[in-house]
Amino acid sequence: MADRITVIGWDGTPLTEAAAGALAGATLVAGAPYQLNALPVPATAERIGLADLRTAARRLAEHRGTAVVVAEGDPGFFGVVRTLRRPEFGLELEVLPAVSSVAAAFARAGMAWEDAQVVSVHGGRLRRAANICRAHPKVAVLTTADAGPSELALMLRGVPRTFVVCEGIGTPEEDVTVLDSERVPDHDWREPNVVLVIGGGPQPGEEAAGWLAGRPLGFPGPDRGWALPRGAYAGADAGARRATALPSHVRALALARLAPVPGDLVWTVGAGDGALAVETAGFGAAVVAVEPDRAACARISANARRRGVEVETVPGEPADVLGGLPEPDAVAVESGGADVVREVVARRPERLVAVAGSLAESGEIHRILTSAGYRTDGVLLQSAPLTADPDAAAGATLGRADYTLLIWAEQPD
């Protein structure tokens, strides 16, 4: 292998003394074409590109001499270091970082970024990156040539966001453009660029900053936890009807079967007052809540704000609106029964849970799912509230029993 491999992070500013010395003594230099042309690479040094990083790593392992790898910004932050450090290549590295492109982008925008999510679309992850932008109010996106600002904005069509597009950071052509997401696809963007996607839910206050980087998952609102009592999701005003949240124990099981994670998009159909939608969003997933009752949609939004998460509400009957929604990873059918399940299955989500109104309907839902190739199971959940009663022999009494039929399914591996 090479006698020494130095990874230099370059942000367009003059090289440090250590970086300049390593480059001057290199017998092999790897980097992007614009970097190799802009930096003082020794005339006698072999030059290789980084378009295929694994191929470059194998060449570095074979090289006898002093090698330098030039990367953008901080090569240990969504950079080349992770791949070069893989055991299969056996490389030992000295890393000389510069300011990361994400830090530079937020600096150009004049924004703090310890509360931001940072995602990369490399490896075909544009859809999952877009879902992070749906779920969080401040996201930095590291783009690629075929998945840039325009493609990201199209994935977020209908979701109001502000794009801060930082082009050519660290180059003489550096430019920063601020646009509404709807206008982003009208432009041609230069590489490399970093996109800051801003908007949506509440920004953390001062009390939430200063000790934990990244927007924390879970519930930053006043009521921590999940599977809370129905009363936690009451209507937005005292005159509202009783909340239509699923019972807490049903929500707990539904969440376990939905298994929401950051990057997922989850539909909740017939969302009622949004308890399941809000708790799903608390796990970091993007959530679209479909509810025919516009007053209930307002309550969903109010509950989401109170809990410090973002839920996109879509008013309308499922038959009218599901066809226009982005592709889901998981779906909860809280009401609507077999007809809605049939429509949802046509979109092939990985996971699905459905509430059935009767044993007959649960059987029909089970047949729909198994016929579509899903692994399917279900349970009849029965619960009764336990109330303290000093006059009772046992010291407590049971309230009226509640029954829920829950079906769940997942695509086979």
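Around the CZ atom of Arg347, the shell of radius 6.0 Å holds more than 12 heavy atoms that belong to other residues, nucleotides or ligands. Summarising the local packing, CZ of Arg82 is surrounded by 12 or fewer heavy atoms from other residues, nucleotides or ligands at distances under 6.0 Å. Shown here is Glu182, whose CD atom has no more than 12 heavy atoms of other residues, nucleotides or ligands within 6.0 Å. Within a 6.0 Å radius of CZ in Arg375, more than 12 heavy atoms belonging to other residues, nucleotides or ligands are found. When the shell of 6.0 Å around CD of Glu88 is examined, it contains more than 12 heavy atoms from other residues, nucleotides or ligands.
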Report task. Carefully, step by step, assess Met155 and Arg127 under the rule side-chain contact (heavy atoms from CB on, under 4.5 Å). Result -> CA-CA 7 Å; Met155 292 290 292; Arg127 189 181 73 86; 3.5 Å; yes

Query - Derivation and outcome, side-chain hydrogen bond (donor to acceptor under 3.5 Å, both in side chains), residues Glu279 and Tyr233 - result: CA-CA 11 Å; Glu279 292 183 351; Tyr233 297 97; 2.9 Å; yes

Query raised in the report: Are Trp408 and Val379 close enough, and set up right, to give a side-chain contact (heavy atoms from CB on, under 4.5 Å), and what steps lead you there?
Result: CA-CA 9 Å; Trp408 60 87; Val379 68; 3.6 Å; yes

Query raised in the report: Do Glu364 and Val341 pass the side-chain contact (heavy atoms from CB on, under 4.5 Å) test, and can you show the C-alpha distance, the side-chain angles, and the key distance before you say yes or no?
Result: CA-CA 10 Å; Glu364 184 177 0; Val341 169; over 6 Å; no

**Report entry** salt bridge (charged side-chain N to carboxylate O under 4.0 Å, His left out) between Asp264 and Arg128, intermediate numbers included
**Finding:** CA-CA 6 Å; Asp264 281 352; Arg128 298 191 69 79; 3.0 Å; yes

Query raised in the report: After noting the C-alpha distance and the side-chain angles of His187 and Leu179, does the key distance pass the side-chain contact (heavy atoms from CB on, under 4.5 Å) rule?
Result: CA-CA 10 Å; His187 292 249; Leu179 288 173; 3.5 Å; yes

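When atom types are taken as modelled, the side chain of Arg59 and the backbone of Ala30 share no donor-acceptor pair closer than 3.5 angstrom. Between the side chain of Glu94 and the main chain of Thr6, no donor-acceptor pair closer than 3.5 Å is present. For Arg86 (side chain) and Ala57 (main-chain N/O), no donor-acceptor pair under 3.5 Å exists by modelled atom type. Here the side chain of Arg64 pairs a donor or acceptor atom with the backbone of Glu62 at under 3.5 angstrom. Judged purely by atom type and a 3.5 angstrom limit, Trp267 has no side-chain atom pairing as donor or acceptor with the backbone of Val333. Between the side chain of Arg351 and the main chain of Glu410, no donor-acceptor pair closer than 3.5 Å is present. A distance-only check finds no donor-acceptor pair linking the side chain of Asn303 to the backbone of Ile300 [under 3.5 Å]. Arg348 places a side-chain N or O within donor-acceptor distance of the main-chain N or O of Ala372, the cut-off being under 3.5 Å. The backbone N or O of Pro349 sits less than 3.5 Å from a side-chain atom of Gln411, completing a donor-acceptor pair. The main-chain N or O of Pro149 is never found under 3.5 Å from a side-chain atom of Thr143 such that the two would form a donor-acceptor pair.
Ile169 CD1 to Asp11 CG: the interatomic distance, rounded to the nearest 0.5 Å, is 10.0 Å. Between the CG atom in Leu352 and the CG atom in Asp329 there is a gap of 12.5 Å [rounded to 0.5 Å]. The CG atom of Asp188 sits 7.0 Å away from the OG atom of Ser150 when rounded to the nearest 0.5 Å. The CG atom of Leu255 lies 4.5 Å from the OG1 atom of Thr280; values are rounded to the nearest 0.5 Å. Between atom CZ of residue Arg190 and atom SG of residue Cys166 there is a gap of 11.5 Å, rounded to the nearest 0.5 Å. In this structure, CD in Gln35 is found 7.5 Å from CG in Leu50, a value given to the nearest 0.5 Å.
Shortest non-hydrogen contact noted between Ile132 and Gln117 is CG2-CB, 4.1 Å. Smallest separation of non-hydrogen atoms from Asp74 and Pro97: OD1-CB, 3.7 Å. Listed here is the closest heavy atom pair of Leu246 and Arg251: O-NE, 2.8 Å. Here the shortest heavy-atom pairing between Gly270 and Glu291 reads C-OE1, 3.5 Å. For the pair Val269 and Pro318, the tightest heavy-atom approach, listed with the atom from each and the gap, is CG1-CG, 3.6 Å. For the pair Val311 and Ala289, the tightest heavy-atom approach, listed with the atom from each and the gap, is CG1-CB, 3.8 Å.
Note: Trp113 and Phe106 have parallel aromatic rings, judged against thresholds of 30 and 60 degrees for the angle between ring planes.
Every residue two or more places apart in sequence or in another chain that forms a side-chain contact (heavy atoms from CB on, under 4.5 Å) with Leu93 is listed here: Ile5, Val7, Val81, Leu84, Arg85, Leu91, Val95. Checked against side-chain contact (heavy atoms from CB on, under 4.5 Å), Ala153 has the following partners two or more places apart in sequence or in another chain: Phe163, Val184, Pro185. Taking Ala286 as the reference, Asn131, Arg134, Ala135, Leu265 meet the side-chain contact (heavy atoms from CB on, under 4.5 Å) condition, with sequence neighbours excluded.
Taking the side chain as every heavy atom from C-beta outward, Leu142 and Val194 approach each other to under 4.5 Å. Residues Arg58 and Thr55 form a side-chain contact, since some pair of their non-hydrogen atoms from C-beta on lies under 4.5 Å apart. Within the 4.5 Å cutoff, no side-chain heavy atoms of Trp189 are placed close to those of Val195. Between Pro247 and Arg230 the shortest side-chain heavy-atom distance falls below 4.5 Å. Under the 4.5 Å side-chain criterion, counting only non-hydrogen atoms from C-beta, Ser181 is not in contact with Val159. In this structure, the side chains of Leu154 and Glu151 stay at 4.5 Å or more apart for every pair of heavy atoms. A heavy-atom distance below 4.5 Å is found between the side chains of Leu15 and Ile8. The shortest side-chain heavy-atom distance between Leu406 and Arg257 does not fall under the 4.5 Å cut-off.
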